[in-house]
Amino acid sequence: MKHAITYELLHECKQTGARRGVIHTPHGDIQTPVFMPVGTQATVKSMTPEELKEEVKAEIILSNTYHLYLRPGHNLIKEAGGLHRFMNWDRAILTDSGGFQVFSLGALRKISEEGVKFKSHLDGSEHFLSPEKVMEIENALGSDIMMAFDECVEYPADYDYTKQSMERTTRWAIRCKEAHKNEEKQGLFGIVQGGMYKDLREKSAKDLVNLDLPGYAVGGLSVGEPKELMCDVLEFTTQFLPKDKPRYLMGVGTPDYLIEAVLRGIDMCDCVLPTRIARNGTALTSCGKVVVRNAIYEKDWRKLDEECECYTCKNYTRAYIRHLVKTNEILGIRLLSIHNLRFLTKLMERVKIEIERDNLLNFKNEFYKKYGYTKE
């Protein structure tokens, strides 16, 4: 059967092996490597779909199964015609499985082979998510890419527990595949787990690849471990993933981690970072972070980033944006969000070009130096 999601490899960087490709989805093509803005509750915070398309130039966004299940409910979204119609977004959508959110609840959840019983962070009401229930929710949402239900273990975690968790995640992926009701229009991705243990990562990847899913994610990284360890485990893991399918590193969004992920064969990344730091008055720029709420920018008439041509940088000064942030005006958050999101999508556009030029490693070193990263 033809998968709803297919991947076309266009070029591998001779210098690094980084991949330049295209993911074909029912709602359009995605040029990779790609950064995906996060729209947790069927909205990328403070952004309209038109701004995401025209200013940010996003080709795909991510929404959250756990949050949409609790509010407004997947049945309501299905009644609205699915998530695309509900939120007025006509490009691709990826929904995560809610696993990370559920497991972040700590004492509020209990894991069994069947699934996870948890209490809502909103009102304390009891709920149960199983692989079958997650597939029911994601099928109702109608996202282009659905993530299988998994457990993301914390760092550090001991070997025995990580092994049990990884094996259960694989069994849950099998159940997700069996319960998935819309394979012609929605692609189900498996999630490789195994903590920081390479033998577990290898087994997880090989077992999931045997399921012949249309794509694979690497989960459970960037959860507090040192950067060097993250890069090492990622590089080890991607060698076991098929070359003809997309690879997604979950929850990564700082400029350095995006570049490091691509260097290790990753095609897709996502993170709440650009909008979250915007709400704290911080901008990503080609010369590093600018905390625009700081007093030093009170009379700074420059744009946020001299190298940026986004809507914010074309029209507003640091001084004005600082004023908006200091007075808690919504426009300040919106302008910083547009800029930060565009900064990361533009970075990935440049990364694509450097892969085609077989020059990604040289670009990384130049970017790190200018951005202010001390370690290359």
Side-chain angles (χ1 to χ4, degrees), residues 35-41 43-48 50-52 54-58 61-62 104 222-228 230 251-261 269-351 363-376:
F35 173 77
M36 303 181 286
V38 177
T40 301
Q41 318 223 39
T43 173
V44 177
K45 288 200 188 309
S46 83
M47 297 286 96
T48 66
E50 291 74 24
E51 287 166 335
L52 287 169
E54 293 160 21
E55 303 299 337
V56 175
K57 298 182 172 33
I61 60 173
L62 183 146
S104 298
S222 192
V223 289
E225 77 280 6
K227 180 180 176 183
E228 294 76 15
M230 189 279 286
V252 163
T254 57
D256 58 330
Y257 272 47
L258 291 179
I259 294 171
E260 298 295 350
C269 296
D270 79 285
C271 196
V272 296
L273 172 100
T275 49
R276 178 171 286 170
I277 66 171
R279 297 195 295 280
N280 296 325
T282 300
L284 298 166
T285 81
S286 53
C287 294
K289 283 185 185 176
V290 169
V291 185
V292 79
R293 65 163 55 246
N294 288 351
I296 190 174
Y297 302 113
E298 184 182 9
K299 296 180 180 179
D300 193 332
W301 315 120
R302 294 174 296 168
K303 57 186 184 180
L304 285 172
D305 186 349
E306 293 301 326
E307 294 183 18
C308 185
E309 290 301 319
C310 77
Y311 170 80
T312 302
C313 287
K314 279 192 286 196
N315 293 286
Y316 301 100
T317 65
R318 295 178 178 190
Y320 178 62
I321 296 168
R322 177 181 185 272
H323 158 71
L324 295 175
V325 170
K326 295 293 283 184
T327 52
N328 293 317
E329 287 291 339
I330 294 168
L331 182 59
I333 293 170
R334 284 181 29 75
L335 293 177
L336 285 168
S337 295
I338 289 172
H339 169 78
N340 285 346
L341 288 165
R342 180 59 191 144
F343 180 85
L344 292 181
T345 57
K346 186 181 172 188
L347 172 63
M348 294 306 249
E349 287 168 9
R350 178 69 185 277
V351 164
F363 169 72
K364 172 200 155 177
N365 292 333
E366 291 164 17
F367 179 86
Y368 269 37
K369 190 173 180 183
K370 190 168 184 182
Y371 196 86
Y373 290 126
T374 51
K375 292 183 114 174
E376 294 187 0

Please check if the side chain of [X] supplies one atom and the backbone of [Y] the other of a donor-acceptor pair under 3.5 Å.
X: Arg350; Y: Lys346; answer: no
X: Lys57; Y: Thr345; answer: no
X: Arg293; Y: Arg322; answer: no
X: Asp270; Y: Gly251; answer: yes
X: Thr285; Y: Leu304; answer: no

How far does [atom1] of [X] sit from [atom2] of [Y], to the nearest 0.5 angstrom?
X: Asn280; Y: Thr275; atom1: CG; atom2: OG1; value: 10.5 Å
X: Glu306; Y: Cys313; atom1: CD; atom2: SG; value: 8.5 Å
X: Glu260; Y: Lys227; atom1: CD; atom2: NZ; value: 4.5 Å
X: Lys299; Y: Thr317; atom1: NZ; atom2: OG1; value: 13.0 Å
X: Glu225; Y: Met230; atom1: CD; atom2: CE; value: 7.0 Å
X: Glu55; Y: Ser337; atom1: CD; atom2: OG; value: 13.0 Å

Would Leu284 and Lys289 count as a side chain to side chain contact (heavy atoms under 4.5 Å, CB included) if you check the C-alpha gap in whole Å, the side-chain angles of each, and the deciding distance to 0.1 Å? CA-CA 5 Å; Leu284 298 166; Lys289 283 185 185 176; 4.1 Å; yes
Hey, mind stepping through Val290 and Asp305 against side chain to side chain contact (heavy atoms under 4.5 Å, CB included) and telling me if it holds? CA-CA 9 Å; Val290 169; Asp305 186 349; over 6 Å; no
In terms of relative ring orientation, are Tyr316 and Tyr320 parallel, tilted or perpendicular, with 30° and 60° separating the classes?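 Parallel: the ring planes of Tyr316 and Tyr320 meet at under 30°.
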Hey, can you tell me if Phe343 and His339 have their rings parallel, tilted or perpendicular (30° and 60° cut-offs)?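 Answer is tilted, since the angle falls between 30° and 60°.
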Atom of [X], atom of [Y] and distance for their closest heavy-atom approach:
X: Gly253; Y: Phe35; answer: CA-CE1, 4.0 Å
X: Tyr311; Y: Ile338; answer: CD2-CD1, 4.2 Å
X: Cys269; Y: Ala261; answer: SG-CB, 4.0 Å
X: Asn340; Y: Pro274; answer: ND2-O, 3.0 Å
X: Val44; Y: Pro37; answer: CG2-CB, 4.2 Å
X: Gly281; Y: Val325; answer: CA-CG1, 4.0 Å

Flag the pair [X] / [Y] as yes when at least one side-chain heavy-atom distance between them is below 4.5 Å, and no otherwise.
X: Lys45; Y: Arg276; answer: no
X: Phe363; Y: Ile259; answer: yes
X: Asp300; Y: Val292; answer: no
X: Tyr368; Y: Glu366; answer: no
X: Leu324; Y: Leu336; answer: no

In terms of heavy-atom contacts, does CD1 of Ile296 have more than 12 from other residues, nucleotides or ligands at under 6.0 Å?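 Not more than 12 within 6.0 Å, no.
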Just by distance, with hydrogens left out, do Asp256 and Thr254 show a side-chain donor and acceptor under 3.5 Å apart?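 On atom types as modelled, these side chains qualify, holding a pair under 3.5 Å.
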Decide side chain to side chain contact (heavy atoms under 4.5 Å, CB included) for Met348 and Met36; before the verdict, give the C-alpha distance in whole Å, the side-chain angles of both, and the deciding distance to 0.1 Å. CA-CA 10 Å; Met348 294 306 249; Met36 303 181 286; over 6 Å; no
Do Glu329 and Arg334 sit within salt-bridge range, that is, some charged N less than 4.0 Å from a carboxylate O?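 No, Glu329 and Arg334 are not salt-bridged.
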Cationic N near anionic O, under 4.0 Å, Arg342 to Glu51: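 Salt bridge flag = no for Glu51 with Arg342.
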